[in-house]
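Working notes for the structure below.
For clarity, every value in this text was computed on a predicted model and none was experimentally measured.
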Amino acid sequence: MLDLQYICDHLDEVKANCQNRGVQVDISPILSLRDQRRDFITQGDALRKEQKGTSGKIPKASAEEKPALIARGKELRGEVAKIEEQQKLIEQQLYALQSQIPNMTHPDSPVGRLEEDSVTVRKVGEKPNFDFEPKDHVEISQHLDLIDFEAGRKVAGHGFYYLKNEAVLLELALVQYAIEKLVAEGFTVTTTPDLARDEVLEGIGYIPRGDETQIYSIENSDLSLVATAEITLGGMMKDEVIDAEKLPLKIAGISHCFRTEAGAHGKATRGIYRVHQFTKVEMFGFTAPDLAASDEFHQMVLRIEEEIFQGLGLPYRVLDICTGDMGGSSYRKYDLEAWMPGRGSYGEVTSCTNCTDYQARRLSTRCRTAGKKGTQFVHTLNGTAIAVTRAMIAILENNQQADGSVVVPESLRKWVGKELIVAKK
RNA sequence: GGAGAGAUGGCAGAGUGGCCGAUUGUGCAACAUUGGAAAUGUUGUGUACCGCAAGGUACCGGGGGUUCGAAUCCCCCUCUCUCCGCCA
């Protein structure tokens with residue numbers, strides 16, 4: 001979330017930003033809530049001060065004075081409790097309102113509401129020229145016996161699937177390929193929990209357990225299945241104070257991602273494009289709290305994402321995502337969309353986001369700079385290295401041959417163990 | 001799963017109802033001393049919130065309770081360690 005002081009001092013900018021982001025929220029009560037909160041704190045502090053003074057006098061007081069002091073102490077206890085309760089109520093309202101306000105936006109981000117308002121920064125790679133009618137990944141995987149949708153539906157329902165045969169090798173190869181790259185780039189690699197506490201989800205900007213939640217939650221617990229390792233990686237430094245000299249922290253994680261995809265019915269539901277579970281390698285960064293540092297990190301993450309797809313030989317385009325299409329935590333966001341011949345269009349395969357201090361404030365992840373007083377909230381960034389299902393669609397569809405076989409990208413062959421995936425007999 | 005021990009400031013480690021936001025050691029910083037260093041000495045050294053400031057309030061794993069007053073007493077939870085059992 002945004003800093004309360006900042007919101008109050010920049011009311012008009014924040015309002016305009018909400019407008020650009022397509023977030024409907026009336027932020028005008030915030031000033032009065034802020035003032036009420038301050039009054040309760042001031043009153044509470046004064047009462048507690050008197051309380052301390054009163055109880056402090058008791059051991060030294062004479063027998064005659066004591067009863068009056070004790071009586072006053074009792075009174076004060078009640079008053080303090082009353083004020084604290086009111087303060088808590090106001091703070092809940094304040095928190096609820098503050099949580100609805102999205103992050104501020106990079107001045108260069110395109111303003112717009114729709115996907116189409118995002119700007120294509122560049123296109124890289126050549127789309128394949130087929131001298132036959134290209135199939136989509138569902139047909140290809142049926143022909144090559146790579147994905148069992150039927151079994152997935154039977155066992156876990158629509159949106160679940162079994163990878164089979166070379167698809168399994170491809171998943172493992174993609175993960176290995178991404179991890180090898182990230183180790184070379186100086187990332188600390190991890191495997192993360194696939195579940196996280198709700199407060200961590202909220203800190204990152206997800207809303208578990210709401211009506212429109214995208215999150216699977218575990219009953220009778222405060223745990224939810226993660227929608228991305230961004231959650232578990234960002235949560236790693238919750239409540240920590242990092243020495244500024246150690247920044248930036250570059251951490252990557254392998255996790256499974258679970259999404260209910262509520263409200264996505266009828267929207268590209270064919271195949272493994274939109275599924276309830278997939279495997280992903282994610283990058284995460286904690287940087288010093290200044291825009292120069294986090295912008296630089298953001299560009300690095302984008303560069304790595306592009307190099308990963310260049311290394312796979314897949315054509316893609318880079319989008320500078322418009323204000324209406326980024327999440328609440330985002331300050332700036334780029335997506336990579338790979339060419340997917342089966343759909344005849346580009347499909348999102350990665351995204352990378354600079355969240356500035358928006359997530360860090362709620363997670364209370366701070367840094368200490370030598371010579372600077374106090375602590376500051378760090379900046380956080382995240383980006384996809386490989387989302388296995390989406391990458392696999394692009395590989396199968398772009399590398400298909402006239403005879404129905406699929407060429408394995410050269411960079412994956414050492415793990416897949418073959419150059420060509422052909423139909424089984 | 002069973003039994004026990006514990007959680008205090010960067011770290012170590014006192015503190016069992018008021019004089020404790022917290023003894024002390026250590027680490028760190030500044031200064032003094034020195035040709036320079038070691039050693040030594042002095043001073044300082046947490047975070048958050050409210051306030052223009054002076055200052056104030058909160059925080060001893062987390063939450064609740066008892067009390068005029070809680071690091072200290074009571075209840076619940078979490079985590080760590082040791083032992084036993086079980087297990088991929």
Side-chain angles (χ1 to χ4, degrees), chain A residues 1-9 30-99 191-203 218-224 232 235-247 249 256 286 288-289 357-378:
Chain A
M1 61 184 151
L2 292 178
D3 179 51
L4 179 59
Q5 192 63 45
Y6 179 89
I7 300 169
C8 293
D9 291 348
I30 203 137
L31 289 176
S32 126
L33 286 169
R34 193 253 323 244
D35 292 344
Q36 287 178 69
R37 172 173 178 270
R38 183 178 41 211
D39 290 347
F40 285 131
I41 288 172
T42 311
Q43 286 175 50
D45 280 0
L47 284 170
R48 271 185 294 269
K49 189 186 175 187
E50 195 191 339
Q51 191 181 35
K52 250 178 141 173
T54 306
S55 60
K57 277 184 223 151
I58 288 174
K60 284 166 245 156
S62 64
E64 306 86 73
E65 291 168 329
K66 267 184 187 167
L69 287 170
I70 290 173
R72 179 62 187 147
K74 279 187 186 175
E75 234 171 80
L76 284 166
R77 181 166 67 194
E79 286 172 40
V80 167
K82 217 183 295 168
I83 291 285
E84 281 176 346
E85 201 179 318
Q86 294 178 78
Q87 183 188 334
K88 206 166 141 191
L89 218 76
I90 289 294
E91 285 183 339
Q92 278 167 3
Q93 290 175 41
L94 202 51
Y95 183 86
L97 182 56
Q98 244 178 302
S99 296
T191 63
T192 86
D194 285 340
L195 285 82
R197 294 186 199 284
D198 289 341
E199 66 177 340
V200 175
L201 288 265
E202 280 163 22
I218 307 295
E219 221 176 333
N220 301 320
S221 81
D222 63 345
L223 291 169
S224 295
T232 40
M236 280 177 93
M237 291 295 159
K238 184 173 141 58
D239 297 322
E240 300 278 331
V241 179
I242 306 165
D243 185 351
E245 284 177 22
K246 298 208 171 88
L247 297 172
L249 259 43
H256 294 109
F286 299 89
D357 61 2
Y358 192 87
Q359 294 175 326
R361 185 166 292 107
R362 230 182 331 200
L363 290 168
S364 189
T365 302
R366 294 164 292 160
C367 68
R368 197 192 313 279
T369 312
K372 249 192 212 167
K373 201 161 160 46
T375 56
Q376 304 85 43
F377 293 110
V378 300

Which atom names give the shortest non-hydrogen contact between A/Ile30 and A/Cys8, and what distance separates them? CG2-SG, 4.4 Å
Do you know the tightest heavy-atom contact between A/Leu247 and A/Cys367? CD1-CB, 3.8 Å
Salt bridge flag under 4.0 Å for residues A/Glu65 and A/Lys60: no
Between A/Glu85 and A/Lys88, is there a salt bridge with N-O shorter than 4.0 Å? no
Of the nucleotides [options], which one has an atom closest to the side chain of [X]?
X       : options                : answer
A/Ile41 : B/rC49, B/rG51, B/rC68 : B/rC49
A/Arg48 : B/rA58, B/rG18, B/rG56 : B/rA58
A/Arg37 : B/rC49, B/rA48, B/rG69 : B/rC49
A/Thr42 : B/rC68, B/rA48, B/rC50 : B/rC50
A/Lys49 : B/rG56, B/rG51, B/rC49 : B/rG56
A/Asp45 : B/rG56, B/rC68, B/rC50 : B/rG56

With [atom1] as the reference atom in both, quote the distance from [N] to [M] in angstrom, rounded to an integer.
N      : M      : atom1 : value
B/rC79 : B/rC86 : C1'   : 22 Å
B/rA22 : B/rC59 : P     : 13 Å
B/rU72 : B/rG15 : P     : 15 Å
B/rA54 : B/rC50 : P     : 16 Å
B/rA71 : B/rU23 : P     : 15 Å
B/rG21 : B/rG9  : C1'   : 9 Å
B/rG1  : B/rA70 : C1'   : 36 Å
B/rG61 : B/rA14 : P     : 15 Å

For [N], what is the paired nucleotide under Watson-Crick or G-U wobble rules, both distances under 3.5 Å?
N      : answer
B/rG21 : none
B/rC83 : B/rG2
B/rA30 : B/rU42
B/rG69 : none
B/rA37 : none
B/rA54 : none
B/rG9  : none
B/rA88 : none

Backbone N or O of A/Asp222 within a donor-acceptor pair of the A/Arg197 side chain at under 3.5 Å? no
Expected output: side-chain A/Thr365 to main-chain A/Met237 donor-acceptor under 3.5 Å: yes
Is there a side-chain contact between A/Arg362 and A/Ser99 in this structure, where contact means two heavy atoms from C-beta onward sitting under 4.5 Å apart? yes
Assign A/Arg368 to base, sugar-phosphate, or nothing according to its heavy-atom contacts below 4.0 angstrom with the strands shown. sugar-phosphate
Which part of the nucleic acid, if any, lies within contact of A/Thr54, taking any heavy atom under 4.0 Å across all strands shown: a base, the sugar-phosphate backbone alone, or nothing? nothing
Between A/Gln51 and A/Ser55: side-chain donor-acceptor atoms closer than 3.5 Å: no
Using heavy atoms to find the nearest nucleotide of RNA chain B for A/Arg34 and A/Lys57 separately, return the residue whose nucleotide is more 5′. A/Lys57
Sorted by position of nearest nucleotide on RNA chain B, 5' first, the leading residue of A/Arg38 and A/Gly44 is A/Arg38
Whole angstrom value for the distance that separates [atom2] of [N] from [atom1] of [X]:
X        : N      : atom1 : atom2 : result
A/Gln36  : B/rC50 : CD    : C1'   : 16 Å
A/Lys66  : B/rU67 : NZ    : C1'   : 14 Å
A/Lys60  : B/rG17 : NZ    : C1'   : 15 Å
A/Arg197 : B/rC79 : CZ    : P     : 7 Å
A/Lys52  : B/rG69 : NZ    : P     : 14 Å
A/Gln87  : B/rA48 : CD    : C1'   : 13 Å
A/Glu75  : B/rG69 : CD    : P     : 13 Å
A/Leu94  : B/rC49 : CG    : P     : 13 Å

Taking only side-chain nitrogens and oxygens of A/Arg77, does any of them come within less than 4.0 Å of OP1 or OP2 of B/rG69? yes
Under 4.0 Å from OP1 or OP2 of B/rU67: is there any side-chain N or O of A/Ser55 that close? no
